[in-house]
There are 2 protein chains.
Amino acid sequence: MTISRKLALAALIVPTLFPGAAMAAPPVSPASDDTAWEFIAGLTSEVGQRLAGSEAEARGRAWAADKLKALGFRNVAIEPATTRAYVRGTDTARLIAPVPQKLAVTALGFSGTTPDAGVEADVVYFASFDALKAAPASSLAGKIVFLDHAMKAAQDGSGYGPYGQARREGPAVASTKGAAAIVIRSIGTDSHRNPHTGVTNFPAGVAPIPAAAMSNPDADMLVRLIGKGRALRIALTLTGRTAESLPTGNVIGELPGRNPALPPILVGCHLDSWDLGTGALDDGAGCAIVTAAALKAQNGGQTLRTIRVLLAGAEEIGAAGGAAYAKAHPERHALAMESDSGADRIWRVEMKFAPANAALGDRVAAALAPLGIVRGKGEVEGGADVGWVITAQKLAAIDLTQDMTHYFDIHHTPDDTLDKIDRAALTQNVDAWAAVLGVVANAAEDIAPVE
Amino acid sequence: MTISRKLALAALIVPTLFPGAAMAAPPVSPASDDTAWEFIAGLTSEVGQRLAGSEAEARGRAWAADKLKALGFRNVAIEPATTRAYVRGTDTARLIAPVPQKLAVTALGFSGTTPDAGVEADVVYFASFDALKAAPASSLAGKIVFLDHAMKAAQDGSGYGPYGQARREGPAVASTKGAAAIVIRSIGTDSHRNPHTGVTNFPAGVAPIPAAAMSNPDADMLVRLIGKGRALRIALTLTGRTAESLPTGNVIGELPGRNPALPPILVGCHLDSWDLGTGALDDGAGCAIVTAAALKAQNGGQTLRTIRVLLAGAEEIGAAGGAAYAKAHPERHALAMESDSGADRIWRVEMKFAPANAALGDRVAAALAPLGIVRGKGEVEGGADVGWVITAQKLAAIDLTQDMTHYFDIHHTPDDTLDKIDRAALTQNVDAWAAVLGVVANAAEDIAPVE
């Protein structure tokens with residue numbers, strides 16, 4: 001609190017103390033409509049997939065640091081960290097009975113490992129996660145569970161919480177009931193032959209079992225056979241393994257404000273991706289948006305406060321990068337935001353400010369209204385990466401909600417590639433973010449913690 | 001000609017000779033809107049992919065014969081044949097330089113075989129098939145060709161001819177210039193991470209080289225790197241092989257006409273599919289449409305002429321089934337049609353009739369007009385399967401042209417699954433086919449060969 005008041009005082013007198021600071025602004029690249037697109041195009045083609053803990057993720061950090069420097073960011077640094085990670089092996093599955101068919105599957109992160117020859121067992125079907133939970137103890141001994149739990153698309157992406165439960169918790173529940181393995185219907189809303197990966201979690205004391213997701217068309221096919229009363233038998237091979245500690249890291253860079261003493265605005269995203277696609281929407285787009293918007297916010301003149309970008313590592317597998325950042329950066333921040341929901345249009349803003357900053361919230365809303373972005377009355381999520389520092393410092397935070405109706409068509413699949421990004425929508429994201437940054441990074445008042 | 005005249009006479013007197021034949025009609029199932037859908041759903045789930053020459057294709061024949069019998073078809077038979085075929089192995093590709101990236105590829109049918117460890121070589125880029133053809137002799141020695149030849153969608157599917165040339169002939173051209181292997185951009189109009197397979201041809205004297213197709217997003221990524229002046233190096237493993245003779249076969253069935261002595265109407269499709277998907281659109285849909293329409297054409301009473309369905313084998317790999325049918329069935333046919341372009345709406349009819357049958361053509365057009373189907377002025381293709389008997393007997397033929405704007409999004413990919421079929425459009429196909437069969441299978445006049 002004391003610190004905040006001092007900073008508030010400093011902020012109020014900045015225009016006087018640093019009247020000529022704008023003249024000394026670093027020569028950042030002018031942000032164009034191409035900045036974000038070129039960021040994603042470069043990252044996905046010159047690096048590609050960036051699985052947490054992998055050599056590819058490390059190449060991604062080097063690429064991103066070079067990119068930030070080339071764009072005029074200062075204090076660019078790669079900050080090493082470590083993460084628990086999943087190292088993919090060979091993922092295959094076949095329907096053995098009633099008829100032989102190939103199944104398009106992918107291992108879930110932290111899946112158990114099968115023998116190289118795979119496992120083969122009869123299938124027990126559950127229409128929902130609740131049905132699986134209701135199965136008697138030990139009733140699944142030696143079986144392969146097929147957990148059907150079809151996700152429906154929601155504009156705000158909120159289905160990922162309840163539907164995603166099947167992926168995050170289903171394998172552990174199946175394990176406790178004795179299952180030999182589990183195959184879930186992909187947590188995804190498309191009808192392509194590409195399965196959706198993602199992490200699953202086995203709590204301490206629960207033995208990891210092989211756990212995979214299959215594509216929606218494959219799940220549909222199995223459901224048709226089950227509907228005809230046919231008994232299923234599946235063979236599954238997942239040879240990946242969990243590594244307890246692998247290198248990861250964050251890339252940070254700054255566009256210094258006219259008053260570098262003021263707490264910075266933190267804008268985050270994650271640089272790692274799942275390995276099936278090239279991480280264009282998840283989350284190359286987020287990193288491109290925050291980077292391009294930070295630059296664009298300088299177009300009207302150097303901002304008062306420093307804008308710091310955090311391109312975090314290992315988000316997909318537990319957000320170790322964001323946790324490491326919060327630990328390494330106890331210095332006071334003003335506010336944090338994150339972009340990690342693709343590249344479709346922003347339609348809503350949610351804000352969490354201390355009561356004393358109500359006017360600042362109103363200015364943000366006013367800056368977004370011309371873009372057709374409405375002010376929500378819901379909670380602020382903050383993001384998996386900046387969430388750590390938001391919690392640690394009780395930071396003010398803003399969510400710019402993207403249209404997520406089609407996000408889970410692509411999420412965590414081989415299809416997460418550059419061509420899925422709508423350039424006009426990407427530009428709208430950058431414009432909205434730059435509008436917000438134009439307000440908050442030029443806010444002279446103290447931006448207080450939110451108790 | 002003599003035969004035709006005798007048949008014409010027979011046809012004209014049928015109503016007199018067989019006045020009560022309709023009473024003896026076989027008890028066929030009444031065709032419902034579900035007949036075609038259930039056909040495809042069953043074939044894709046209870047059999048799945050039906051690669052030409054495979055055990056799965058044989059299971060497909062058994063399934064289809066049982067299905068035709070269950071629907072009330074008579075004279076159902078499986079007629080064995082043999083085909084040259086491609087037996088898929090392991091298909092993988094990786095970009096080695098300038099950065100490591102996985103590439104989504106599939107071997108083309110009749111591809112050469114790599115060692116199990118694959119081949120690795122520098123890449124030579126050609127923007128088009130013509131550019132590849134223009135390359136100097138021996139200029140590609142030891143290289144892997146990347147043939148970029150992006151297909152554009154056309155409503156009538158006509159792009160498959162010129163664009164498909166890159167797949168059918170590109171590998172042979174690359175081989176003659178010394179290339180170690182070739183990877184083409186998929187002959188497809190989607191942006192999913194699913195490559196499009198299909199046959200390629202190496203003429204006698206041209207050594208088969210490993211030949212693959214990569215998905216459009218992968219090709220886009222390579223083009224971006226090339227555009228930045230980066231040199232590419234690729235590793236490719238394709239372990240499949242060509243088999244000179246494997247079993248295939250056709251399934252035929254009949255709905256006998258009131259006058260079985262009249263030459264039958266032949267309606268065809270192919271029962272085999274590529275192995276990546278489950279052959280829903282290509283050509284489960286075609287077999288479902290002709291089967292359901294033949295049944296529906298009986299709804300107004302048993303037709304005068306026999307309708308014979310031909311579910312042909314091994315179309316994808318050279319149409320050996322259709323050729324075997326033409327050889328095994330020299331008996332006179334009246335007219336042939338085929339459905340093999342998916343399940344989207346029919347918008348046009350093309351007809352090839354002898355001048356003496358101009359009135360019959362007008363009746364067909366009149367029957368289709370209420371469905372919004374226009375009469376074209378183009379050539380009749382007839383279809384790859386029934387084409388053999390059309391040529392051998394100079395048969396009259398009708399093409400019902402489907403909207404193919406989106407057909408090559410799915411064609412020959414893992415994505416060819418039941419969910420891609422629009423049920424309303426499928427029903428429109430059955431209605432249009434039944435309307436045509438209602439005219440031609442009840443035509444009392446001779447349907448003459450087309451000289």
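Letters A, B, ... mirror the listed sequences (proteins, then strands); counts begin at 1.
B:Asn194 has its side chain within reach of A:Asn194: a pair of non-hydrogen atoms, C-beta onward, lies under 4.5 Å apart.
Per-residue heavy-atom pair counts under 4.5 Å with chain B were compared for A:Met221, A:Glu46, A:Lys102, and the maximum is reached by A:Glu46. The candidate with the highest count of non-hydrogen atom pairs below 4.5 Å against chain A, out of B:Ser215, B:Ser191, B:Gly42, is B:Ser191. Between chain A and the residues B:Gly48, B:Ser45, B:Ala41, the most heavy-atom pairs under 4.5 angstrom are made by B:Ser45. Each of B:Ala56, B:Ala104, B:Pro217 has some count of heavy-atom pairs under 4.5 Å with chain A, and the biggest count is that of B:Pro217.
Residue B:Arg224 qualifies as enclosed at atom CZ: its count of foreign heavy atoms under 6.0 Å is above 12. A:Arg94 CZ: 12 or fewer foreign heavy atoms inside a 6.0 Å radius.
In plain terms, the two heavy atoms of A:Thr44 and B:Gln101 that are nearest each other are O-NE2, 2.9 Å.
Expressed to the nearest 0.5 Å, how far CG of A:Asp220 lies from CG of B:Leu418 amounts to 8.0 Å.
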Next item on the list: Give the C-alpha distance, both sets of side-chain angles, the deciding distance and a yes or no for side chain to side chain contact (heavy atoms under 4.5 Å, CB included) between A:Leu276 and B:Arg193.
Entry: CA-CA 10 Å; A:Leu276 304 180; B:Arg193 206 80 182 286; over 6 Å; no
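Near-neighbour residues of residues 409-417 of chain B relative to chain A, defined by a heavy atom under 4.5 Å from a heavy atom of that chain, comprise B:Pro414, B:Asp415, B:Thr417.
Among pairs with a residue in residues 38-57 of chain A, those fulfilling ring pair (Phe, Tyr, Trp, His ring centres under 6.0 Å) read A:Phe39-A:Trp63, at least two apart in sequence or across chains.
Contact of A:Asp275 with chain B is made through backbone and side chain together, with heavy-atom distances under 4.5 Å.
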